[in-house]
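Working notes for the structure below.
Model, not experiment: these values are computed from the prediction. In what follows, every chain begins at residue 1, and chains take the letters A, B, ... in the order their sequences are listed.
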Amino acid sequence: MSVHPLQRGGVAIVGAAESDLGQVAPGLTPVDLMAQAAARALDDAGIALSEVDGLFASGVQTRMASVALAEYLKINPRYQDSSFNGGSVFETMVAHAAAAIQAGLCSVALIAYGSTQRSASMSGSGPARLVGIRGYDPFITPFGPKMPMGAYAMAAERHMYEFGTTREHLAHVAVSARQWALKNPVAWEKEPLTVEQALAARIISSPFSARDCCLVTDGGGAVVLVAADRARSMPKPPAFVLGVGDAVSHYEIHSMPDLTTTATVESSQAAFAMAGITPADVDVVELYDAFSINTILFLEDMGFCEKGQGGPFVASGAIAPGGSLPVNTNGGGLSYGHPGMYGLQLLVEAVRQLRGECGERQIDDCEIAVVHGNGGTLSSQSTVVLGSAATL
Amino acid sequence: MLEQVTKAPLTIYEEHLAKGELAYQHSLAADRPFFFPRVVCPYSGTDRYEWRVSGGLGTIYSRTRLYPRDAESYAVVLVDLDEGFRMMSRVVDAPADAVEIGARVRLAVRPGEQGEPAPFFVLEAA
């Protein structure tokens with residue numbers, strides 16, 4: 001196996017924070033939330049705003065996000081990145097930031113995100129809706145799928161057809177996420193959810209009901225990365241970047257080669273190889289659960305269970321509190337919150353688990369966390385392995 | 001060297017649809033089809049492809065059934081055409097619950113939501 005060009009553990013996340021979450025104060029903008037999260041993350045790291053020389057930002061509502069945030073915070077970054085490859089972009093940006101720091105292109109990298117999609121989509125008492133970025137597409141629009149839900153629904157239907165996965169299996173993903181969310185004070189959902197309640201919900205786009213779909217919330221977050229040498233002198237335990245991997249299989253669902261296997265296979269293999277780990281070494285997984293099927297697909301594709309066995313695996317209670325593999329300990333996109341792009345929130349939760357800051361939901365002896373981002377319609381996959389100092 | 005494009009692939013596709021035909025491109029280098037219409041063959045990086053007209057028969061690869069509160073149920077599908085390419089469509093003239101993965105379907109060009117001809121499918125009699 002070839003040696004990865006990035007140094008294992010060469011950089012670390014030393015600051016992590018959320019912006020205001022849920023439904024934020026009226027009038028706040030996406031860049032307000034980016035800046036708020038950035039300031040909180042820098043405070044968490046004990047690094048001054050003036051030291052930021054690498055700026056990474058993305059957003060559904062914010063064009064030229066790194067430029068907008070540079071203006072707002074009066075930063076003149078030596079290195080900037082406004083990549084927009086879906087909700088996994090923030091895992092991709094961890095790799096970009098690691099490369100930039102190791103190449104000497106910047107020394108303090110700030111990655112930020114903010115969204116007011118819930119507030120922006122609320123009209124009077126109407127329901128919150130996704131902020132749409134899709135125009136007319138002659139190969140999709142005439143057929144009436146609700147996108148992106150329809151894409152994930154067809155992946156779920158094919159998984160059920162090939163492997164016997166059931167709606168009850170999917171319900172266990174939602175219920176496990178809810179159980180974690182009830183242990184997280186900032187999670188959006190506050191009420192318990194049972195498998196029976198999830199199964200009784202009205203089907204919108206089969207096999208999904210609303211319980212299979214992520215929330216529509218406001219929110220954002222930020223993380224700060226520096227080189228490992230500096231990270232060791234920071235006030236809080238660093239989360240070292242042990243491995244990164246990125247893969248793309250398609251853009252729209254009609255061009256996905258196999259709806260039951262995602263490019264997570266390639267992204268996780270690359271990240272695990274760089275980190276020198278196997279799934280058995282992992283203490284906690286934070287993965288992008290835009291829809292219930294995601295959790296099953298990504299656990300299979302990362303090798304935490306056999307392909308096709310994700311349904312029985314989640315139904316066994318393995319991913320719920322007290323299970324053998326804690327997954328989405330903040331409550332996930334399904335029950336914590338999903339501000340348009342969710343990938344940054346995954347990083348924040350993983351850092352907190354590695355530091356031991358998670359209170360009632362804290363995992364014992366948490367040394368290795370896998371963060372897995374998903375973008376588009378199962379299109380763009382990015383895996384990051386984070387570890388405590390003990391894993392270096 | 002790729003020649004200058006005088007008619008967009010999408011325009012050619014739409015002209016076929018207006019005649020009730022489903023057209024797709026076939027790579028001459030790789031001897032395999034590709035869909036959606038493109039300027040560049042993804043298998044060779046060239047413009048060495050030809051247009052072909054599908055026989056319109058295929059098999060449902062996946063589906064999702066939608067149940068709008070104010071309209072008839074319907075199924076959005078991914079269809080594997082017999083020529084070897086996949087596309088998204090919708091099964092018409094059948095309720096959502098009648099549409100199963102593995103079912104055979106036949107092309108039915110009908111007006112889409114903006115009145116433009118679009119490639120829908122009907123269930124093929126068993």
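- Within residues 26-57 of chain B, the residues that have a heavy atom under 4.5 Å from a heavy atom of chain A are B:Phe35, B:Phe36, B:Pro37, listed by number.
- Side-chain contact between A:Met256 and B:Arg86 is absent, with no heavy-atom pair separated by less than 4.5 Å.
- Only the side chain of B:Glu116 comes within less than 4.5 Å of a heavy atom in chain A; its backbone stays farther off.
- Note: B:Met87 CE to A:Phe139 CZ = 8.0 Å, rounded to the nearest 0.5 Å.
- Of all the listed residues (B:Ser62, B:Gly112, B:Ala75), the one sharing the greatest number of non-hydrogen pairs under 4.5 Å with chain A is B:Ser62.
- For a residue to count as touching a neighbouring chain, one of its non-hydrogen atoms must lie under 4.5 Å from one of that chain's; by this rule B:Arg69 touches chain A with backbone and side chain alike.
- Enclosure of atom OH in A:Tyr251 is not indicated, since only 12 or fewer non-hydrogen atoms of other residues, nucleotides or ligands lie within 6.0 angstrom.
- Proximity to chain B (any heavy atom under 4.5 Å) is restricted, for A:Ser255, to the side chain, taken from C-beta onward.
- Within 6.0 Å of CZ on A:Arg202 lie more than 12 heavy atoms contributed by other residues, nucleotides or ligands.
- If you measure heavy-atom distances from B:Leu17 to chain A, you find no contacts under 4.5 Å at all.
- For A:Met160, no part sits under 4.5 Å from any heavy atom of chain B, backbone or side chain.
- With a 4.5 Å cut-off on non-hydrogen atoms, A:Asp137 does not touch chain B at all.
- Contact annotation for B:Val77: only backbone heavy atoms (N, CA, C, O) come within less than 4.5 Å of a heavy atom of chain A.
- Interatomic distance, CD of A:Glu157 versus CD1 of B:Ile60, reported as 11.0 Å (0.5 Å rounding).
- Contact record, A:Ile253 with B:Leu78: O-CD1, 4.1 Å, taken as the closest heavy-atom pair.
- In A:Lys146, the NZ atom is not crowded: 12 or fewer heavy atoms of neighbouring residues, nucleotides or ligands sit closer than 6.0 Å.
- Counting heavy-atom neighbours within 6.0 Å of A:Glu306 CD, excluding the residue itself, gives a total of 12 or less.
- Under the 4.5 Å side-chain criterion, counting only non-hydrogen atoms from C-beta, B:Thr64 is not in contact with A:Pro145.
- Looking at A:Tyr136, only its side chain comes within 4.5 Å of chain B, counting heavy atoms on both sides.
- Summarising the geometry of B:Arg65 relative to A:Ile203, their closest heavy-atom pair is O-CG2, 4.5 Å, with the distance given to 0.1 Å.
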ring-ring contact (aromatic ring centres under 6.0 Å, His included) evaluation trace for B:Phe120 with A:Phe143: CA-CA 8 Å; B:Phe120 295 94; A:Phe143 313 117; 5.5 Å; yes
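- Contact tally against chain A (heavy-atom pairs below 4.5 Å) for B:Arg63, B:Gln114, B:Glu14: the top residue is B:Arg63.
- Of the two parts of B:Pro111, neither the backbone nor the side chain holds a non-hydrogen atom closer than 4.5 Å to a non-hydrogen atom of chain A.
- Shortest non-hydrogen contact noted between A:Gly144 and B:Val76 is C-CG2, 4.0 Å.
- Looking at B:Tyr61, the atoms closer than 4.5 Å to chain A (heavy atoms on both sides) sit in the backbone and in the side chain alike.
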